[in-house]
Amino acid sequence: MKAIGFYETGGPEVLKEIDLPEPMPSRNEITVRLGFTSVNNLDILMRSGGTKMNFSLPHIPGTDVSGIVERVGEGVTGIQEGDSVVSSTVYGCGTCRQCLSGNEVLCKSWKVLGMHVWGSYAEVVKMPSFMAIKPPKRYSKEELGCMPLSLSVSWRALKTAAKAEEGETAIIFGASGNSGLFSLMLAKAMGLKTIAVTRSEKKKEALKKAGANHVIKYDPSENGAMPEKVMELTGGEGAEIIIDPIGNPISSSIAMLRHSGRIVTFGTSANSESSLQIKKFYWKSASLIGVHNASAKELSEAFAFAEKNGIKPIISTKLPMQQAAEAHRLFSSPETFGKILLEHKWK
Ligand SMILES: [Zn+2]
């Protein structure tokens, strides 16, 4: 089978076409022949060495799986060869209390497709069968190819972690990014008031169209007057929920948080470390919650909610997998708005 991967970390140019033997499923596993996948920030971090983790080379990145079940291993039930599926992104040991209760994302031995094992930039991907779900029929193959990771982690952040309730206000950092856009659309559909935060003046209008009640242009590295702006917009109360996929300084987030508010964090593109004024934190009865990925159950719930509420991904560009390097360049461009789709089309 064909795949795009890399033998050394570096810029987009390290991505190369690689011929690999097709994986075969073991017990309770399936393989999926990919139609589409999309570029996620994790792919960029893996390719550039930005995760600072050790992994063997060559590596095949890619986390979003959408395609057709190719082979089914022994013991698999509920999924058959030829089924159209999407998959969740994380699996655990399969035997601990968390894994057995459908919280594989909380397993201490969690592994992610395209991070710890080869991912969706290969024509065929192997995974435990429980990760695959049959997606709602209203979505096109293209749409399905760019939804799993961003949709499910945004759902986990808002629903499982922040326990968002109708009428609350959510600040969404990195709102024009992959999970930022899904968080914005989900929050709106959940009946929240939304304050979208972007570094780009040009993206303000598009964010309003995507459902933002207010848009604030703000760069965390500039240490601007963001908390004051939020207080103005919320009548001096602050926001109940902060969705932070970029790593805004925690003290700044606490300053714009309403009493008993929740900060959910799952990214570090702006900051990877942050100091915390402990007294301000507990005086506000604030919560700081970390999330990564989402369970197969959450992926299923997220798709059902998205379908019911007419949520569709915003797609910026579609490229063949052979142009993955160009796709990575576009991903890092400040002009890009929406998902970058990659199509497996090898003949
Ligand atoms: Zn486990």
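In listed order, ligands and their atoms are each counted from 1. The shown structure was predicted, so the numbers you read here are calculated from the model rather than taken from an experiment. Sequential numbering from 1 along the given sequence is applied to the chain's residues.
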We want to know whether [X] and [Y] form a side-chain donor-acceptor pair, criterion being a heavy-atom distance below 3.5 angstrom.
| X | Y | value |
| --- | --- | --- |
| K203 | T198 | no |
| T194 | N213 | yes |
| T234 | E237 | no |

**Message:** Restricting to distances shorter than 2.8 Å, give the number of protein N, O or S atoms close to the Zn ion (ligand 1).
**Reply:** 4
**Asked** What residue among D244, I242, I216 forms side chain to side chain contact (heavy atoms under 4.5 Å, CB included) with I171?
**Response** I242
**Complete:** side chain to side chain contact (heavy atoms under 4.5 Å, CB included) filter on K202, not counting sequence neighbours, yields S200, E335
**Item:** Centroid-centroid under 6.0 Å between F6 and H59 rings
**Value:** yes
